[in-house]
Amino acid sequence: RPLRSAASQALAQYGFSGIRPGTVVSQLRLAERQILEIVKVLIRDPHVLILDEPTSALLPEQVHWLFATVREFAAKGRIVIFISHRLAEIEALCDRVTVLRNGKDVGHGPMAEMPEDKLVELMLGRKIERVFPQSDRASRVRDEIVCKLEDFGSPPRLHDINLEIKRGQIVGVGGLAGQGQGDLFLAMFGARRSNGRAVVSGRQVHSRSPSQALASGIALVPEDRASEGLCLALSVRDNVSLGNLGRISSASLISARRERQLVRASIKSLQITLRHPWQEVNSLSGGNQQKVLLARVLARDPDLLLMYDATRGVDVGTKTELYQLMHEQCARGVGILFYSTDAAELANMADEVVVLHDGTIRARLSGADLSEERIIAAAVGGGSRAEEVA
C-alpha cells in the first residue's frame, strides 16, 4: 500500500495522475511507457540526468512538459545530457552540442555556432543536398488500385474509412495521436477485428490474423520495433529468416544455402551496418535495427506496405535512406500507407494525406493543398475547419 501511494504521488507531482500505479506496463501506450521511464528517473533527483531519445514516442504536449521540466532541472545547477536525432529539439533545448559518429567526437561547440546544416554534415560525414528525395509522381503512380477500403472500421474506435491506394502511390495518414491511426493499421493487418470491405490486388480479403494478411500481400512495419517487430536477442540472420521460412525451406527443413542467400541479399539491399549476420540485433543502432525489420518485411515482396511511424528514433542519414527505399518500392509497384507524427515527412513524402479525427477521415489533402501547415491545421481543426482545408 505505501508503494502504491508513493507511485501515485510521484505521477501526480509531474501531472500524470491518469496513469494508474497498478497497471501492467505492457498494457500502457508507448508514450505512457516513455513518461513512466522519465518520471522514474526524475524522482531520484539526480545531479546528472541523461535522456536518450526521450521524445521519440511522446505527443507534442508531452514534449513541451519535458522541456519545461528539463529547463527547471538545469536551473538548479544540475547537468542534463540530451541525446536526440531531432535537430530542432537540440537547437531549442541545449546550450552546447557534441556530434558522435562511429563512437568518435567529430565536432562540438556552443549551439549558436552549430547550425543545422553543419550538424547534418558532421553526422553523415558528407554533405547532403536533399533530405527528401525527389521523384516524378506521374511516372511512379499507376492507375491500378492495389488497396481499396469501403466503410472499413474497427469498433469501437475506427469507423467509415473509405480509401484507395494505387500501385506506386504513397498515401500518408496524419492527425493528432490517438485518433484511430493505430487501429487502422492493426485492423488492416489482421491484428484487430474489423468490419466493412477491404480489397487488395483485386481480391477481397478477410484478414482475421496477421498470417492471413501476409498471405494476402499485406506487410506491416509496426510502431515499436523492439516489442512488436524484432526478436532483439536473436541474430540478424534469424530475424530476417523468421518472416520468410516458406521461401527458404522445403519439407519443413530450412535450406542453409537459401537462407544465406536471402540474408546476404537483404543486408546488401538495405545497407545494414553490422559485423556479421550472426550479430545479435540488440547490439545494432536503432537505425540498423529498423533496417533489419524492413529487410524481413520487404523480402516477402508485398503488394501493400503499411509503415507506422517507421522513421521514429533513427538518425538523419538513415531517414534519408528509408525515404529513398520507399520510392524504390513504389517504382516496383508497391502501394504504401504511411503514418508519421512528423507533418514535414507527410508533406514531402506522400502523394495524398488523409487526416484522421475521432476514428474517421476528416480531411483529404493532395496537390497544392498538401503542405505541412495544412496537415497541422486539419489535425487540430476538427470537423468544420478540417473540411475547409480539404
Side-chain angles (χ1 to χ4, degrees), residues 1-98 111 157 174-183 222-228 232 286 308-309 311-315 339-344 356-359 376 379-380 382:
R1 186 178 300 172
L3 181 62
R4 189 181 297 264
S5 176
S8 295
Q9 291 176 11
L11 289 167
Q13 176 185 348
Y14 291 101
F16 297 101
S17 54
I19 301 178
R20 298 172 63 87
T23 304
V24 177
V25 173
S26 62
Q27 297 176 356
L28 295 176
R29 294 180 178 178
L30 189 59
E32 292 174 325
R33 293 183 224 164
Q34 194 90 321
I35 288 293
L36 187 62
E37 281 288 327
I38 294 170
V39 171
K40 185 176 70 175
V41 172
L42 289 174
I43 61 176
R44 296 179 64 89
D45 194 26
H47 292 284
V48 179
L49 176 62
I50 303 175
L51 298 170
D52 188 359
E53 291 287 351
T55 64
S56 61
L58 299 185
L59 305 180
E61 59 270 23
Q62 293 167 338
V63 173
H64 293 154
W65 163 81
L66 177 62
F67 279 22
T69 302
V70 167
R71 291 188 179 105
E72 182 180 344
F73 182 87
K76 297 177 181 178
R78 312 292 174 81
I79 297 171
V80 180
I81 299 175
F82 183 82
I83 304 167
S84 177
H85 291 129
R86 298 181 177 183
L87 301 186
E89 294 180 350
I90 295 284
E91 183 177 0
L93 188 64
C94 299
D95 302 305
R96 296 181 58 83
V97 61
T98 297
M111 190 68 249
R157 291 281 300 151
L176 299 178
Q179 299 301 310
Q181 299 94 332
D183 301 82
E223 176 182 19
D224 187 358
R225 60 177 173 265
S227 64
E228 299 174 341
L232 295 179
Y308 195 97
D309 218 5
T311 62
R312 181 180 62 83
V314 301
D315 62 86
Y339 168 69
S340 176
T341 53
D342 187 345
L356 296 193
H357 176 78
D358 197 22
I376 296 173
V380 302

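What you see is a predicted model; the values in this text were computed from it and never measured.
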> Any sub-3.5 Å donor-acceptor pair from Q181's side-chain atoms to G175's backbone N or O?
Replying inline: yes

> Under 3.5 Å, is there a donor-acceptor pair between the side chain of E228 and the main chain of D224?
Replying inline: yes

> If you round to the nearest 0.5 Å, how far is CG of D315 from OG of S84?
Replying inline: 11.0 Å

>> With a 3.5 Å distance limit and no angle check, can you tell me whether Q34 reaches the backbone of E53 through a side-chain donor-acceptor pair?
In response: yes

> E89 versus V63: any side-chain heavy-atom pair under 4.5 Å?
Replying inline: yes

>> Let's go through D45 and R78 carefully: what are the C-alpha distance in whole Å and the side-chain angles of both, what is the deciding distance for salt bridge (Lys or Arg N to Asp or Glu O under 4.0 Å) to 0.1 Å, and is it a yes or a no?
In response: CA-CA 10 Å; D45 194 26; R78 312 292 174 81; 2.9 Å; yes

> Can any side-chain N or O of R4 pair as donor or acceptor with the backbone N or O of P21 at less than 3.5 Å?
Replying inline: no

> At their closest point, which heavy atom of R86 faces which heavy atom of T55, and how far apart are they?
Replying inline: NH1-O, 3.3 Å

> So which heavy atom on I83 is nearest to which on D52, and how close?
Replying inline: CG2-OD1, 3.5 Å

>> Are L49 and L42 packed together at the side-chain level, in the sense that at least one heavy-atom pair is separated by less than 4.5 angstrom?
In response: yes

>> Could you measure the distance from the CD atom of Q9 to the CD1 atom of I43? Nearest 0.5 Å is fine.
In response: 10.5 Å

> CZ/R20 to CD/Q27 distance, rounded to the nearest 0.5 angstrom?
Replying inline: 11.5 Å

> Would you call I38 and Y14 a side-chain contact if the rule is heavy atoms closer than 4.5 Å?
Replying inline: no

>> Donor-acceptor pair, distance only, cut-off 3.5 Å: does the side chain of Q179 make one with the backbone of D358?
In response: yes

>> Within the structure provided, determine whether L30 and R33 are in side-chain contact (heavy-atom separation under 4.5 Å).
In response: yes

> Taking atom CZ of R1 and atom CG of L3, what is their separation to the nearest 0.5 Å?
Replying inline: 12.5 Å

> Do D342 and T311 come close enough that some side-chain heavy atom pair is under 4.5 Å?
Replying inline: no

> Do L93 and R71 come within less than 4.5 Å of each other through their side chains, counting heavy atoms only?
Replying inline: yes

>> Is it the case that atom CD in E72 sees more than 12 heavy atoms from other parts of the structure closer than 6.0 Å?
In response: no

>> So which atom in R312 and which in R225 form the shortest heavy-atom distance, rounded to 0.1 Å?
In response: O-NH1, 3.4 Å

>> Quick check: closest heavy atoms across I376 and A343, and the distance to 0.1 Å?
In response: CG1-CB, 3.9 Å

>> In terms of relative ring orientation, are F82 and F67 parallel, tilted or perpendicular, with 30° and 60° separating the classes?
In response: perpendicular

>> Tell me the closest heavy-atom pair linking D309 and S340, and the distance in Å.
In response: OD1-CA, 3.7 Å

> Which atom pair, heavy atoms only, marks the closest approach of L58 to A31?
Replying inline: CD2-O, 3.8 Å

